[in-house]
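Notes follow the structure.
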Amino acid sequence: MTPPVVDVGDTVLATLRDTDRDRYLACLLSPVEKRPALAALYAFNAEIARVRDVVREPLPGEIRLQWWRDLLEGGARGDAGGNPVAVALLSAVETYRLPRETLTAMIDARIGDLYDDPLADRNDLEGYAGETASALIQLASLVLSPEDAARSAEAAGHAGVAQAVAGLLLLMPLHRRRGQLYLPLDILTATGLDREGFLAGDDTARVSAAVEAFAGLGLEHLAKARRAGPVPRAVFPAFLPVSLAEAVLRRALREKAAMLEGQLQPPQWRRQIRLMRAQLLQRF
């Protein structure tokens, strides 16, 4: 009996639905013909972003990330095999001539996730965000409209930093439990804390000041992204997930130190409404 043919695009969308629901919904709000490539990019991002969550030691994590690098560089160990996300990613790269060096830089940035080394300053944070969240927006923009992607590059850079800060705030309770910290040391120093003091969380006044400064940095970049000029309609779907950042950043400002024990993420139905509203108004 001939086995049923499985559509890789449908499989990748299903994977994305399980690994990154917000970008899955953003993908569904994008042009139909672009969805397979966008889903491949977003699912790839989800795979490399969650490596720390599925390994116990850094070395197996580095091996997983190296597999993706080999795949993109055409190495022998990078055979896509039966991995639908890998097959779809390579197809997207070829179809839209996506820069492989940008994708490999995304992988390299994730190596730092496997370790607990702190970020020295805001420049390090902005560099990390630029190679991950900002790069993903720019790659998605290239899929949507190569001609318009360059016009939104500045907005993508700042929007990615805002989105990364919001994401790190959401994950901060988890990161704190495992001794991991993405809040730059220069912000901690300015509030009179060090890494150990923040992770301990005993000085709530200083921890609150550090959280406020971190969330404020995200809002600063969000404002810069919005001032960078109108994003062309053709590439706006790449910015849809950014529309979820402001609510997280502002809630962190309100919750302050309490957010280390709480939950900043709005409920799914609110996030869906925000995505649809952003698409309707063309504003993130």
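Since we're looking at a predicted model, the values are computed, not measured.
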key: Any donor-acceptor N/O pair, Lys34 side chain to Val143 backbone, under 3.5 Å   = yes
query = Of the non-hydrogen atoms in Pro84 and Val12, which two are nearest, and what is the gap between them?
reply = O-CG2, 3.5 Å
inquiry  = For Thr191 versus Leu188, what's the shortest heavy-atom pair and its separation?
reply    = OG1-O, 2.8 Å
key: Interatomic distance, Leu185 atom CG to Leu125 atom CG [nearest 0.5 angstrom]   = 11.5 Å
key: Heavy-atom donor-acceptor pair, Ser30 side chain to Ala26 backbone, under 3.5 Å   = yes
request  = May I ask you to test the Leu144-Pro237 pair for a side-chain heavy-atom distance under 4.5 Å?
outcome  = yes
task = Walk me through it: do Glu62 and Ile111 pass the test side chain to side chain contact (heavy atoms under 4.5 Å, CB included)?
result = CA-CA 7 Å; Glu62 290 208 35; Ile111 293 175; 4.1 Å; yes
request  = Could you give me the CA-CA distance, side-chain angles and deciding distance for Glu131 and Asp108, then say whether side chain to side chain contact (heavy atoms under 4.5 Å, CB included) is met?
outcome  = CA-CA 9 Å; Glu131 291 181 334; Asp108 291 343; 5.9 Å; no
query = In terms of hydrophobic clustering (I, L, V, M, F, W, Y; side-chain heavy atoms under 4.5 Å; direct or indirect links), are Leu169 and Leu174 co-clustered?
reply = no
Sidechain-backbone polar pair: Thr95 side chain, Ala92 backbone, donor-acceptor under 3.5 Å = no
query = Within a strict 4.5 Å, meaning less than it, do heavy atoms of the His175 and Leu168 side chains meet?
reply = yes
query = Going by atom types alone, do His221 and Glu126 pair a side-chain donor with an acceptor below 3.5 Å?
reply = yes
inquiry  = Going by side chain to side chain contact (heavy atoms under 4.5 Å, CB included), Leu71 matches just one of Leu90, Ile107, Val87. Which one?
reply    = Leu90
ask   = Quick one: does Val54's side chain get under 4.5 Å of Arg64's, heavy atoms only?
value = yes
Value rounded to 0.5 Å, distance of CG in Leu171 from CZ in Arg176 = 14.5 Å
query = Under 30°, 30 to 60°, or over 60°: which ring-plane class applies to Tyr182 and Tyr128, parallel, tilted or perpendicular?
reply = tilted
query = Cut-off 3.5 Å, side chains only: do Tyr42 and Glu47 have a donor facing an acceptor?
reply = no
Side chain to side chain contact (heavy atoms under 4.5 Å, CB included) between Leu244 and Phe284, worked out = CA-CA 8 Å; Leu244 304 176; Phe284 59 84; over 6 Å; no
inquiry  = Using side-chain heavy atoms (C-beta onward) and a distance below 4.5 Å, is Gln163 in contact with Pro241?
reply    = yes
query = Hey, does the side chain of Arg122 reach the backbone of Asp186 with a donor-acceptor pair shorter than 3.5 angstrom?
reply = no
query = Within the distance-only criterion (no hydrogens, no angle test), does the side chain of Glu57 pair as donor or acceptor with the backbone N or O of Leu59 below 3.5 angstrom?
reply = no
inquiry  = Testing the basics here: between Gly262 and Pro173, what is the closest heavy-atom pair and its distance to 0.1 Å?
reply    = O-CG, 4.1 Å
query = Got a donor-acceptor contact below 3.5 angstrom from the Ser145 side chain to the Ser141 backbone?
reply = no
inquiry  = When you measure from the side chain of Arg21 to the backbone of Arg17, do you find a donor-acceptor pair of N or O atoms at a distance under 3.5 Å?
reply    = yes
key: Qualifying residue, where the test is salt bridge (charged side-chain N to carboxylate O under 4.0 Å, His left out) with Glu246 and the options are Arg226, Arg271, Arg251, Arg274   = Arg226
ask   = Under 4.5 Å between side-chain heavy atoms, hopping through other hydrophobics if needed: is there a path connecting Phe236 to Ile273?
value = no
query = Between Arg52 and Asp116, is there a side-chain N and carboxylate O pair less than 4.0 Å apart?
reply = yes
task = Go through Ser152 and Phe239 one step at a time and tell me if the side chain to side chain contact (heavy atoms under 4.5 Å, CB included) criterion holds.
result = CA-CA 10 Å; Ser152 60; Phe239 288 78; 4.0 Å; yes
Heavy-atom side-chain proximity of Trp68 to Asn83 below 4.5 angstrom = yes
query = Under the 3.5 angstrom rule, does the side chain of Arg206 hit a backbone N or O of Leu193 as a donor-acceptor pair?
reply = no
message = Rounded to the nearest 0.5 Å, what separates atom CD in Gln272 from atom CG in Leu29?
response = 9.5 Å
remark   = Scanning both residues in full, the closest heavy-atom pair of Leu13 with Ala39 reads CD2-CB, 3.9 Å
query = Any side-chain heavy atom of Asp121 sitting closer than 4.5 Å to one from Ile187?
reply = no
query = Ion pair present between Arg50 and Asp53, side-chain N to carboxylate O less than 4.0 angstrom?
reply = no
query = If every non-hydrogen atom of Leu139 is compared with every non-hydrogen atom of Leu98, which pair is closest and at what distance?
reply = O-CD2, 4.0 Å
inquiry  = Salt bridge or not between Glu255 and Arg250? Use side-chain N to carboxylate O under 4.0 Å.
reply    = no
task = First locate atom CG of Leu249, then atom CZ of Phe214, and finally report the distance between them rounded to the nearest 0.5 Å.
result = 9.0 Å
ask   = At what distance, to the nearest 0.5 angstrom, does OG1 of Thr19 lie from CG of Asn45?
value = 9.0 Å
message = So does Asp113 get a backbone contact from the side chain of Gln180, meaning a donor-acceptor N/O pair under 3.5 Å?
response = yes
inquiry  = Using 0.5 Å steps for rounding, measure from the CG atom of Leu181 to the CE atom of Met172.
reply    = 6.5 Å
ask   = How about Leu65 and Leu114: do any of their side-chain heavy atoms sit closer than 4.5 Å?
value = yes
message = Give me the atom names and distance for the closest heavy-atom approach of Gly201 to Val207.
response = CA-CG2, 4.0 Å
